[in-house]
Amino acid sequence: MTFHNKTRLESTHHDLMTFFNAMDEVFLSVDLVEMRLTQLSRSCKEIFGYDAADFLANGQLWFQLIHPEDRHIIENEQKEVRTGKRVDSMYRIIHKDGTVRWVEKKLIPTLNEEGKVVRLDGIIRDITLRKAAEENQRAQEVQYRQIVETAQEGIWTIDENRKINFVNDKMAEILGCTIDEILGKDLFDFIYAEDKAYAAVCMERRRNGIKENIEIRYITPSGNIVWAWIAANPFFDEKGQYKGALAMVTNITYRKFSEEALQKSEANLRTIYDNTDNAYVLFDEQLNIVSFNVLAQKYSEEQNKKSLVVNSHFEEYFPPERLPAIKKILADVAINGSYEYEISTVNSDGSSNWYHVRWLAVRNNDNKNCGFILVNNNITASKRIELEREKITGDLIKRVIDLEQFNYIISHNLRAPVATIQGLLLMIKNKKTRQDETEQAFEGIMQSTKDMDTVIHDLNNILQVRELIHEKKEVVNLNEIAREISTNLAPVISTQNVRLNFIFEDDASLFTIRRFIYSIFYNLISNSIKFRKDEVSPVVHVNGYIDNYKLRLVFRDNGKGIDLVRHRSKIFGLYQRFDITTQGKGIGLFMVKTQVEALGGKIELKSKLGEGTECIIEFPST
């Protein structure tokens with residue numbers, strides 16, 4: 001070899017070693033004839049922790065660094081290499097710092113002319129990170145496989161041609177098949193016939209990249225229908241070409257059957273709900289409407305001229321003046337569970353409708369109030385019969401009482417003047433009667449005739465009350481009545497220094513006969529003024545308020561009072577007088593009681609001598 005060629009070869013060798021030493025991989029050459037390591041790149045320091053000099057000085061160091069569990073790999077490797085085969089292997093080594101690392105080695109044998117391996121050239125690279133990543137990936141794959149196989153949802157994938165290429169055990173269970181019976185089949189082989197058209201539309205959306213949740217029916221080999229809720233996702237290759245879809249499948253058959261049964265049950269209940277004789281409205285805890293039946297809607301439109309609307313508040317359907325009473329009722333219902341009462345409404349033609357109203361509390365599982373139910377039953381027909389019966393009974397009783405009163409009047413108030421007239425006529429008939437006696441007799445006859453006329457007039461007034469009860473009713477404002485009384489009694493109020501105090505709730509009114517209410521007010525106030533204490537200015541208080549759905553009127557004065565211990569049974573009698581020091585006929589209280597009862601009310605009198613009188617009247621409130 002010439003000097004020039006030798007120099008060029010050395011230069012090339014130097015360049016190659018510079019290149020190999022710059023690489024992360026370890027490059028090596030082994031002379032198998034002399035059994036020594038001839039070349040080793042410097043990167044061995046990074047991989048093994050030892051430099052090239054250490055390996056060149058100790059020919060066994062190479063084998064000593066191999067992990068004991070992997071030395072069999074090297075033994076097999078050596079056998080392969082001696083046959084002249086190229087060898088690729090992976091095994092673990094123990095780094096100088098004690099850490100275990102994975103390496104990948106490639107050995108290329110060189111044979112002589114006789115076919116004997118005389119040299120090995122190889123490359124070793126550190127694949128610890130790659131092996132860790134592979135192990136991690138394998139662990140994740142195992143984990144994912146466990147998740148897929150143990151999932152409570154069915155999982156399957158199809159290719160772009162709808163062929164099933166994966167199912168988990170749960171999916172096979174849902175379809176009632178084995179996995180082998182499913183793989184490779186067309187997806188539509190398992191779709192219920194009536195849902196295939198819908199499924200085809202869904203599959204087209206999948207091809208267009210649309211993810212969605214759908215409900216669909218499968219059919220099992222045994223003919224059972226399975227309802228499924230599906231979360232479907234398409235997937236595409238790197239070129240954007242559709243490659244199939246993944247579906248997460250939940251068996252909702254039981255739920256669907258339960259829903260259908262519930263819907264049927266709700267339909268049946270709704271039919272009953274809408275065809276019952278009661279109107280129902282369900283409110284939540286905040287008193288917003290949750291539900292109502294057809295009859296409740298009808299009542300609302302008739303009575304309030306307003307349709308019921310879900311989520312609207314109950315205050316929208318009650319007159320403002322009734323809201324305080326309703327709220328009080330609801331507070332009671334929330335504690336005691338229920339409350340009921342009867343109420344009437346007035347139609348445009350003046351007739352009344354009667355309703356039996358119940359409020360019920362709705363309790364949750366913890367027995368806490370979570371809403372209210374309003375039950376409204378039209379009892380107009382039965383109420384009219386009841387009222388008619390009560391009216392007939394009341395009329396009969398009143399007629400008996402009237403007959404007794406008339407009998408009393410005829411027996412006393414009419415019989416006395418008639419007897420007087422008869423006696424005086426006999427006196428006149430007697431020829432021995434003097435002229436002056438005859439004139440006195442005529443004067444007596446005239447007075448008796450006047451007394452009879454007064455009694456007949458009183459009887460006519462009493463009978464007129466019975467006739468006027470059929471007079472048309474109207475809304476009577478109590479404040480207006482008070483103003484009229486004050487005006488008409490103004491002269492008496494002024495001369496007698498009377499103080500009248502009227503206190504009524506806002507917009508206090510009553511649907512009734514106006515002239516009766518006026519007469520009641522006039523008679524009671526007049527009596528309070530008439531029977532005042534001597535040298536004491538009369539004071540009359542009149543209060544009106546709603547109490548338990550009744551209009552209560554209270555007349556209280558500071559007059560002489562009445563001894564009820566002696567006169568209680570006669571207090572409302574006709575021609576009953578308890579204070580003869582004051583002029584009167586004893587008909588006022590009788591007329592008041594007659595008019596109050598004719599209007600369906602009740603009257604009560606409380607009094608003590610010297611302490612004044614209190615008269616309490618109650619009318620049904622509408």
### Query
For Y518 and Q595, what are the C-alpha separation, side-chain angles and deciding distance, and is it a side chain to side chain donor-acceptor pair (under 3.5 Å)?
CA-CA 10 Å; Y518 180 87; Q595 290 171 329; over 6 Å; no
### Heavy-atom closest contact (I520 atom, L599 atom, distance)
CD1-CD1, 4.4 Å
### Query
Does the side chain of V310 come within less than 4.5 Å of V290's, by heavy atoms?
no
#### Entry: Atom of L510, atom of L551 and distance for their closest heavy-atom approach
CD1-CD2, 3.6 Å
### Task
May I ask you to decide if G612's main-chain N or O and S607's side chain share a donor-acceptor pair within less than 3.5 Å?
yes
### Main-chain N/O of N477 paired with S509 side-chain donor or acceptor, under 3.5 Å
no
#### Entry: CZ-CG distance between R483 and L478, expressed to the nearest 0.5 angstrom
10.5 Å
### Message
Run the side chain to side chain contact (heavy atoms under 4.5 Å, CB included) test on F504 and N543 for me, step by step, so that the C-alpha distance in whole Å, both residues' side-chain angles and the decisive distance to 0.1 Å come before the verdict.
### Response
CA-CA 6 Å; F504 302 118; N543 294 344; over 6 Å; no
### Task
Answer yes or no: are there more than 12 heavy-atom neighbours, outside K328 itself, under 6.0 Å from its atom NZ?
no
### Query
Do S312 and Y317 pass the side chain to side chain donor-acceptor pair (under 3.5 Å) test, and can you show the C-alpha distance, the side-chain angles, and the key distance before you say yes or no?
CA-CA 9 Å; S312 57; Y317 302 94; 2.9 Å; yes
### Task
Applying side chain to side chain contact (heavy atoms under 4.5 Å, CB included), run through I529 and V492 and close with a yes or a no.
CA-CA 8 Å; I529 297 172; V492 177; 3.7 Å; yes
### Task
Could you give me the CA-CA distance, side-chain angles and deciding distance for E285 and K368, then say whether salt bridge (Lys or Arg N to Asp or Glu O under 4.0 Å) is met?
CA-CA 10 Å; E285 193 175 4; K368 292 183 179 179; over 6 Å; no
### Query
Where is the tightest heavy-atom contact between V333 and R363, given as atom of each residue plus distance?
O-NH2, 4.1 Å
#### Entry: Q297 to S307 - nearest heavy-atom pair and separation
OE1-CA, 3.2 Å
### Query
Taking 4.0 angstrom as the limit, do K327 and E315 come out as a salt bridge?
yes
### Query
If you measure from CD1 on I373 to CZ on F292, what distance do you get to the nearest 0.5 Å?
15.0 Å
### Message
For a salt bridge (Lys or Arg N to Asp or Glu O under 4.0 Å) check, start with the C-alpha distance between K383 and E386, then their side-chain angles and the critical distance, and finish with the verdict.
### Response
CA-CA 5 Å; K383 192 66 177 180; E386 178 186 341; 3.7 Å; yes
### Query
So does D366 have more than 12 non-hydrogen atoms from other groups sitting under 6.0 Å from CG?
yes
### Message
Would the distance check show the side chain of N293 and the main-chain N or O of N278 forming a donor-acceptor pair, the cut-off being under 3.5 Å?
### Response
yes
### Message
If I compare all heavy atoms of R532 with all of K560, which pair ends up nearest, and what's the gap?
### Response
O-CE, 3.1 Å
### Query
Just checking, K550 and F619: is the charged tip under 6.0 Å from the six-membered ring centre and within 45° of the axis?
no
### Query
Got a donor-acceptor contact below 3.5 angstrom from the T594 side chain to the F590 backbone?
yes
### Query
Short question: side chain of S338, backbone of W359 - any donor-acceptor pair under 3.5 Å?
no
### Query
Is R205 close to K211 at the side-chain level, that is, under 4.5 Å between some pair of heavy atoms?
no
### Task
Measure the spacing between CG of L524 and CD1 of I617 and express it to the nearest 0.5 Å.
5.0 Å
### Query
Quick one: does D284's side chain have a donor or acceptor within less than 3.5 Å of a partner on Q286's backbone?
yes
### Message
Looking at R515, is its backbone amide N or carbonyl O close enough to the side chain of S519 to form a donor-acceptor pair, meaning the two atoms are under 3.5 Å apart?
### Response
no
### Query
Between the main-chain N or O of Y522 and the side-chain N or O of S526, is there a donor-acceptor pair closer than 3.5 Å?
yes
### Short side-chain donor-acceptor distance under 3.5 Å, H313 and N288
no
### Carboxylate-amine/guanidinium proximity below 4.0 Å for E301 and K298
no
### Reported CD1-to-OG distance for the pair I289 and S300, which is rounded to 0.5 angstrom
7.5 Å
#### Entry: Pairing of K602 and E597 as salt bridge, 4.0 angstrom limit
no
### Task
Please tell me if the side chains of L374 and V357 come closer than 4.5 Å, counting only heavy atoms from C-beta onward.
yes
Identify each donor-acceptor pair in which a side-chain atom of residues 552-559 lies under 3.5 Å from a protein atom, sequence neighbours left out, and give them as a table.
{"from": "R552", "atom 1": "NE", "to": "E618", "atom 2": "OE2", "distance (Å)": "3.2"}
{"from": "R552", "atom 1": "NH2", "to": "E618", "atom 2": "OE2", "distance (Å)": "2.4"}
{"from": "D557", "atom 1": "OD1", "to": "G559", "atom 2": "N", "distance (Å)": "3.0"}
{"from": "D557", "atom 1": "OD1", "to": "T613", "atom 2": "N", "distance (Å)": "2.9"}
{"from": "D557", "atom 1": "OD2", "to": "S528", "atom 2": "OG", "distance (Å)": "2.7"}
{"from": "N558", "atom 1": "OD1", "to": "V539", "atom 2": "N", "distance (Å)": "2.9"}
{"from": "N558", "atom 1": "ND2", "to": "S537", "atom 2": "O", "distance (Å)": "3.1"}

### Task
Would you sort out whether E342 and Y355 count as a side chain to side chain contact (heavy atoms under 4.5 Å, CB included), showing the intermediate values?
CA-CA 6 Å; E342 290 182 359; Y355 300 92; over 6 Å; no
### Message
Quick check on K606: does its NZ atom have over 12 non-hydrogen neighbours (other residues, nucleotides or ligands) under 6.0 Å away?
### Response
no
### Task
I would like to know whether E153 and V249 meet side chain to side chain contact (heavy atoms under 4.5 Å, CB included); could you show each step before the answer?
CA-CA 5 Å; E153 292 79 21; V249 181; 6.0 Å; no
### Task
Please report the shortest heavy-atom distance between L605 and C615, naming the atom on each side.
CD1-CB, 3.7 Å
#### Entry: Rounded distance (nearest 0.5 Å) linking atom CZ of R358 with atom CG of N377
8.0 Å
### Message
Nearest 0.5 Å, please: how far is NE2 in H541 from CZ in F502?
### Response
11.5 Å
### Query
Within a reach of under 6.0 Å around NZ of K306, are more than 12 heavy atoms found that belong to other residues, nucleotides or ligands?
yes
